[in-house]
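So the structure is just underneath, and the comments pick up after that.
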There are 2 protein chains.
Amino acid sequence: MSKRLTKSELSQRRVLDAAARIFRDNGYVGTTMRAIADAADMKAGSIYYYYKSKDELIAAMLDMGINMVMQTVTDSLEKLGEDASGRDRIECAVNAHLTAIIEHGDYTLATRRVFGQVPETIRQRNLLLRDRYAIVWKDILEVARGRGELRPEADITLARLFILGALNWTAEWFNPKGRTIDEVAHEFATILCNGLFDENLSARILETVATHSSSA
Amino acid sequence: MSKRLTKSELSQRRVLDAAARIFRDNGYVGTTMRAIADAADMKAGSIYYYYKSKDELIAAMLDMGINMVMQTVTDSLEKLGEDASGRDRIECAVNAHLTAIIEHGDYTLATRRVFGQVPETIRQRNLLLRDRYAIVWKDILEVARGRGELRPEADITLARLFILGALNWTAEWFNPKGRTIDEVAHEFATILCNGLFDENLSARILETVATHSSSA
DNA sequence: GTCTATAGGGAGATAGAC
DNA sequence: GTCTATCTCCCTATAGAC
């Protein structure tokens with residue numbers, strides 16, 4: 001991979017980044033080739049030199065979005081090493097996923113906004129990439145279960161859907177002036193692994209037992 | 001409130017339901033008044049008898065979506081009674097929220113799809129309703145903390161964003177042929193309260209006690 | 001209440017100059 | 001590579017008949 005990009009490659013990436021911003025704000029049909037061209041300092045006709053239709057452009061944008069997240073997460077996990085605990089792997093993946101979707105928020109939000117509106121063939125193609133990313137999370141959870149870290153009856157599929165829903169929603173409210181990504185990632189990972197509740201007080205257990213048996 | 005609806009009210013509701021379905025599939029700009037009219041067995045011009053613009057129609061749809069969820073959740077909590085535990089109130093609210101967004105999935109999904117594209121004034125108006133709903137969850141969590149059920153350092157704002165993100169995402173993948181709403185709600189509530197991990201023995205004791213005494 | 005007809009505006013994509 | 005000019009199509013909203 002050469003690091004030097006040709007003028008053509010630079011222009012193409014400029015179009016893609018502009019498309020992500022405009023699709024994010026205006027949705028699939030609301031986005032015009034003229035608006036993308038404006039944002040990329042170009043004229044509408046010129047985009048067709050790089051993408052032969054609006055649909056081909058949006059397909060490239062959708063694929064870029066998921067690939068950037070998957071790449072960030074798998075790289076972080078690799079850096080963490082094979083023998084990290086399930087707890088550490090979950091926090092690492094949560095942190096990486098959050099970092100990627102905040103950093104590339106234009107792509108993340110654009111994807112969420114237009115995904116339901118694009119033609120079926122484009123959606124199907126992108127879903128293949130999403131499935132590959134889902135496997136990354138399935139593996140994290142299954143390895144943790146294999147190590148005996150998880151509640152035995154925990155439902156890994158539901159857990160994965162739960163996690164990704166909460167993570168992806170973050171792009172809608174995250175504010176750089178508020179909590180940092182590390183803070184959010186740590187709190188989320190704590191809820192995921194240990195829950196919101198305080199279960200260290202055995203006194204409460206005894207009290208609960210007493211209450212339940214006396215009222216029964 | 002009379003239960004008998006006039007012909008006019010019925011037609012108006014037919015238009016609103018049709019709008020939700022079409023906005024869900026085609027987004028804000030992608031939805032045409034002709035398509036909504038078709039779905040409502042009407043001609044495009046007739047919609048203007050009920051809503052004086054496309055924007056007024058979409059504003060009504062957005063408000064309906066959030067109101068239906070808030071109503072379902074507050075009704076369920078009320079039925080549960082004042083002295084229910086934080087654990088029970090959370091599972092109750094999770095279940096009610098899921099029930100509402102699955103049952104009125106057209107409104108839920110349409111809202112998520114078009115929200116970022118509607119004019120700012122419409123968005124602001126709908127955000128006021130969302131804020132009111134956020135308070136419902138803030139109260140649930142604060143009451144649980146007041147009762148000493150939560151980890152003292154748990155961040156209630158982050159927890160709320162986490163919960164609502166995971167819940168709302170459910171509308172995207174829920175399949176009536178798969179797990180039931182009750183199953184999903186129970187698993188989600190368990191993760192929220194006790195986490196995925198097995199290290200909290202006391203939590204499992206509490207649950208066992210609750211199960212045994214309620215089945216006795 | 002619901003219809004038809006239409007005014008007025010803007011979109012995607014292509015052709016061909018430079 | 002990038003531009004201008006243009007073809008063809010479809011939208012929102014209104015007016016006025018029934």
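Since the model is a prediction, treat every value here as computed from it, not as a measurement. Numbered from 1 within each chain, the chains take letters A, B, ... in sequence-line order. The figures here come from the full heavy-atom set of this structure, side chains too, leaving out hydrogens, waters and symmetry mates.
- Qualifying side-chain contact (heavy atoms from CB on, under 4.5 Å) partners for A/R113, counting only residues two or more places apart in sequence or in other chains: A/R24, A/E172, B/Q117.
- Pairs of Watson-Crick or G-U wobble type, with distances under 3.5 Å, assemble into runs of 3 or more in DNA chain D at these ranges: C:1-18 with D:1-18.
- Every pair tested for ring-ring contact (aromatic ring centres under 6.0 Å, His included) that includes a residue from residues 41-72 of chain B fails, sequence neighbours excluded, so the list is empty.
- Every residue meeting the salt bridge (charged side-chain N to carboxylate O under 4.0 Å, His left out) condition with A/E120, not counting sequence neighbours, appears here in chain and number order: A/R123.
- For A/L57 and C/dA11, the CG to P distance is 16 Å, given to the nearest whole Å.
- Rounded to an integer number of Å, the gap from OH of A/Y28 to C1' of C/dA11 is 13 Å.
- Within 4.0 Å (heavy atoms only), B/T6 reaches no atom of the nucleic acid at all.
- For A/F188, the ring-ring contact (aromatic ring centres under 6.0 Å, His included) partners at least two apart in sequence or on another chain are B/F162.
- In this structure, the side-chain contact (heavy atoms from CB on, under 4.5 Å) partners of A/I181, at least two apart in sequence or on a different chain, are A/N95, A/L98, A/T99, A/I102, A/F174.
- Here C/dA13 presents its C1' atom at 14 Å from CD1 of A/I36, a figure rounded to the nearest Å.
- One interatomic measurement links the two molecules: CD1 of A/I58 to P of C/dG12, which rounds to 11 Å at whole-angstrom precision.
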Anything under 3.5 Å between a protein N or O and an N or O of nucleotides 2-6 of chain C, put it in a table, one pair a line.
residue	atom	partner	partner atom	Å
C/dT2	OP2	B/Y50	OH	2.6
C/dC3	OP2	B/K43	N	2.6
C/dC3	OP2	B/S46	OG	2.7

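- Using a 4.0 Å cut-off between charged side-chain N and carboxylate O, A/R87 and A/E91 make a salt bridge.
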Review point. Run the salt bridge (Lys or Arg N to Asp or Glu O under 4.0 Å) check on B/K43 and B/D38 step by step: do they pass?
Key: CA-CA 7 Å; B/K43 296 297 174 183; B/D38 275 357; 5.4 Å; no
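- In this structure, B/E56 atom CD and D/dT14 atom P are separated by 11 Å, rounded to whole Å.
- Following rounding to the nearest Å, A/Y48 (OH) and D/dA5 (P) show an atom-to-atom distance of 18 Å.
- Distance, B/K54 NZ to D/dA13 P: 8 Å, rounded to whole Å.
- Here A/R145 pairs with A/E142, A/L150, A/I156 under the side-chain contact (heavy atoms from CB on, under 4.5 Å) rule; sequence neighbours left out.
- Applying the ring-ring contact (aromatic ring centres under 6.0 Å, His included) test to pairs two or more places apart or on separate chains, those with a residue in residues 70-128 of chain B are B/H97-B/Y133.
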